[in-house]
Undergrad: 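The structure follows.
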Amino acid sequence: LDEDEMALAGAIKALYETNLGYKVVLSSTVTGEGVEEVKTMLNDKLSLFSGNSGVGKSSLLNMLEPSLSLKVGDVSRQHQTGMHTTTYSEVFDIAGGKVIDSPGIKGFGIIDMEAAEISKFFPDIAKYALNCRFDDCKHVNEPNCAVLEALQQQKIAQSRYNSYKSILLDLDEKKYR
């Protein structure tokens, strides 16, 4: 990554670690950075490698356990997206734990959810939602919305709120189809 991309990666890492409490490891299958730290985290656990096609799930597994020799592919030059090389989920013994390598994800969908439930899946939004005036607040344009106030005060990252709204919009579109 160049300097700007590293700065962005650092900002995303800080967002997820500081605001949400997740452990984030910046890793590279090119330089080997972070691979040993990931390996340590797998010990005595069942882990799932999941993400978009072409992000390097199988490449990272090959770095963690070279004997796997998993098939990996290039990113499509035409579409700038990953191409499916893993076609089914498989469990591997790695670093004293079990790791599931899954096929790449092309999209995300919601089944049988109410709009008021979505904020509960965003811990950073959910903690402010408890203070909203209305129990069924969608956190879009309701009066006295604690989430919108927290967003305005930059206590919630705009990118996280945009993800929340995107899911909410997708749910609304499905409702009226």
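Note that the structure is predicted; figures quoted are calculated from it, not measured.
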Undergrad: Under a 4.0 Å N-O cut-off, is there an ion pair linking Glu114 with Lys120?
TA: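 Answer for the salt bridge query: no.
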Undergrad: Which pair of non-hydrogen atoms, one from Tyr161 and one from Ile125, has the smallest distance, and what is that distance?
TA: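 Closest approach of Tyr161 to Ile125: CA-CD1, 4.3 Å.
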Undergrad: Which distance, rounded to the nearest 0.5 Å, do you find between the NZ of Lys13 and the CG of Leu15?
TA: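 Here the rounded value is 12.5 Å.
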Undergrad: Atom CD of residue position Glu5 - does it have more than 12 heavy atoms of other residues, nucleotides or ligands inside 6.0 Å?
TA: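 For Glu5, atom CD is crowded (more than 12 foreign heavy atoms under 6.0 Å).
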Undergrad: Mind checking what makes side-chain contact (heavy atoms from CB on, under 4.5 Å) contact with Ala11, not counting sequence neighbours?
TA: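 For Ala11 there are no side-chain contact (heavy atoms from CB on, under 4.5 Å) partners, ignoring immediate neighbours.
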Undergrad: Would you say CZ of Phe134 has more than 12 non-hydrogen atoms from neighbouring residues, nucleotides or ligands within 6.0 angstrom?
TA: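 Yes, enclosed.
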Undergrad: Return yes if some donor-acceptor pair links the side-chain N/O of Glu142 with the main-chain N/O of Val140 below 3.5 Å, else return no.
TA: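 Yes, Glu142 side chain to Val140 backbone: donor-acceptor pair under 3.5 Å.
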Undergrad: Write down the atom of Glu37, the atom of Lys23, and the distance for their closest heavy-atom approach.
TA: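 Scanning both residues, the minimum pair turns out to be OE2-NZ, 2.9 Å.
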Undergrad: Any chance you could measure Leu148, atom CG, to Cys137, atom SG, to the nearest 0.5 Å?
TA: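 One finds 6.5 Å between CG of Leu148 and SG of Cys137.
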Undergrad: Heavy-atom count check: over 12 atoms from other residues, nucleotides or ligands less than 6.0 Å from Gln153 CD?
TA: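 More than 12 heavy atoms, drawn from other residues, nucleotides or ligands, come within 6.0 Å of this atom.
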Undergrad: Would the distance check show the side chain of Lys39 and the main-chain N or O of Leu64 forming a donor-acceptor pair, the cut-off being under 3.5 Å?
TA: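 Yes, Lys39 side chain to Leu64 backbone: donor-acceptor pair under 3.5 Å.
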Undergrad: More than 12 non-hydrogen atoms from neighbouring residues, nucleotides or ligands closer than 6.0 Å to CG on Asp135, yes or no?
TA: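 Result for CG/Asp135: open.
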Undergrad: Supply the atom-to-atom distance Ile118 CD1 to Ser166 OG, rounded to the nearest 0.5 angstrom.
TA: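 Separation between the atoms: 10.0 Å.
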Undergrad: Scan Leu60, Asn62, Thr29 and name whichever one has a side chain to side chain contact (heavy atoms under 4.5 Å, CB included) with Val72.
TA: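 Among Leu60, Asn62, Thr29, the one meeting side chain to side chain contact (heavy atoms under 4.5 Å, CB included) with Val72 is Asn62.
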Undergrad: Check whether Phe49 and Met41 end up in the same hydrophobic cluster, where Ile, Leu, Val, Met, Phe, Trp and Tyr are linked by side-chain heavy atoms less than 4.5 Å apart.
TA: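 Yes.
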Undergrad: Are Phe121 and Tyr16 linked, directly or through other ILVMFWY residues, by side chains that come within less than 4.5 angstrom of each other?
TA: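 Different clusters: Phe121 never reaches Tyr16 through Ile, Leu, Val, Met, Phe, Trp or Tyr contacts under 4.5 Å.
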Undergrad: Taking all non-hydrogen atoms of both residues into account, name the closest pair between Gly34 and Val25 and its distance.
TA: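 Where Gly34 meets Val25 most closely, the heavy atoms are O-CG1, 3.7 Å.
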Undergrad: Apply the test side chain to side chain contact (heavy atoms under 4.5 Å, CB included) to residues Lys155 and Lys127: give CA-CA distance (whole Å), side-chain angles for both, the deciding distance (0.1 Å), then the verdict.
TA: CA-CA 11 Å; Lys155 293 178 180 175; Lys127 74 178 181 182; over 6 Å; no
Undergrad: Using a 3.5 Å distance criterion without hydrogens, assess whether the side chain of Lys138 forms a donor-acceptor pair with backbone atoms of Ala115.
TA: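 Checked: no pair found.
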Undergrad: Determine, using the 4.5 Å side-chain heavy-atom cutoff (strictly less than), whether Leu46 and Leu48 are members of one ILVMFWY cluster.
TA: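 Result: yes, single cluster for both.
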Undergrad: Tell me, do Ile94 and Leu68 make a side-chain contact under 4.5 Å, heavy atoms counted?
TA: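 Yes, close enough: below the 4.5 Å cut-off.
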Undergrad: Looking only at non-hydrogen atoms, find the nearest pair between Asp101 and Ser58 and report the distance.
TA: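 Between these two residues, the closest heavy atoms are OD2-OG, 2.8 Å.
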Undergrad: After noting the C-alpha distance and the side-chain angles of Lys98 and Asp93, does the key distance pass the side chain to side chain contact (heavy atoms under 4.5 Å, CB included) rule?
TA: CA-CA 5 Å; Lys98 297 203 177 289; Asp93 292 317; 2.5 Å; yes
Undergrad: Give the intermediate values and the outcome of side chain to side chain contact (heavy atoms under 4.5 Å, CB included) for residues His139 and Ser119.
TA: CA-CA 9 Å; His139 321 297; Ser119 67; 3.6 Å; yes
Undergrad: What about Val24 and Ile12, same hydrophobic cluster or not, with Ile/Leu/Val/Met/Phe/Trp/Tyr joined at side-chain heavy-atom distances under 4.5 Å?
TA: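 The answer is yes; both residues are in one hydrophobic cluster.
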Undergrad: With clusters defined by side-chain heavy atoms of hydrophobic residues (ILVMFWY) lying less than 4.5 Å apart, directly or transitively, does Val99 cluster with Val35?
TA: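 Val35 and Val99: one cluster.
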Undergrad: Using side-chain heavy atoms (C-beta onward) and a distance below 4.5 Å, is Phe92 in contact with Ser67?
TA: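 With C-beta onward as the side chain, the pair stays apart.
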Undergrad: In chain order, what residues pass the salt bridge (Lys or Arg N to Asp or Glu O under 4.0 Å) check against Glu33, with sequence neighbours excluded?
TA: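 For Glu33 there are no salt bridge (Lys or Arg N to Asp or Glu O under 4.0 Å) partners, ignoring immediate neighbours.
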Undergrad: Checking Arg160 against Leu20 for the side chain to side chain contact (heavy atoms under 4.5 Å, CB included) test, could you report, in this order, the C-alpha distance in whole Å, the side-chain angles of both residues, the deciding distance, and whether it holds?
TA: CA-CA 11 Å; Arg160 295 278 298 163; Leu20 303 172; 3.6 Å; yes
Undergrad: For Tyr164 and Phe122, take the angle between the two ring planes, folded into 0 to 90°, and tell me which bin it lands in: parallel under 30, tilted 30 to 60, perpendicular over 60.
TA: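 Perpendicular: the ring planes of Tyr164 and Phe122 meet at over 60°.
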Undergrad: Indicate yes or no for a side-chain donor-acceptor contact from Asp124 to the backbone of Ile156 under 3.5 Å, with no hydrogens or angles considered.
TA: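 Side chain of Asp124 to backbone of Ile156: no pair is present.
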Undergrad: For Val147 versus Cys132, what's the shortest heavy-atom pair and its separation?
TA: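 For Val147 versus Cys132, the nearest heavy atoms are N-SG, 4.0 Å.
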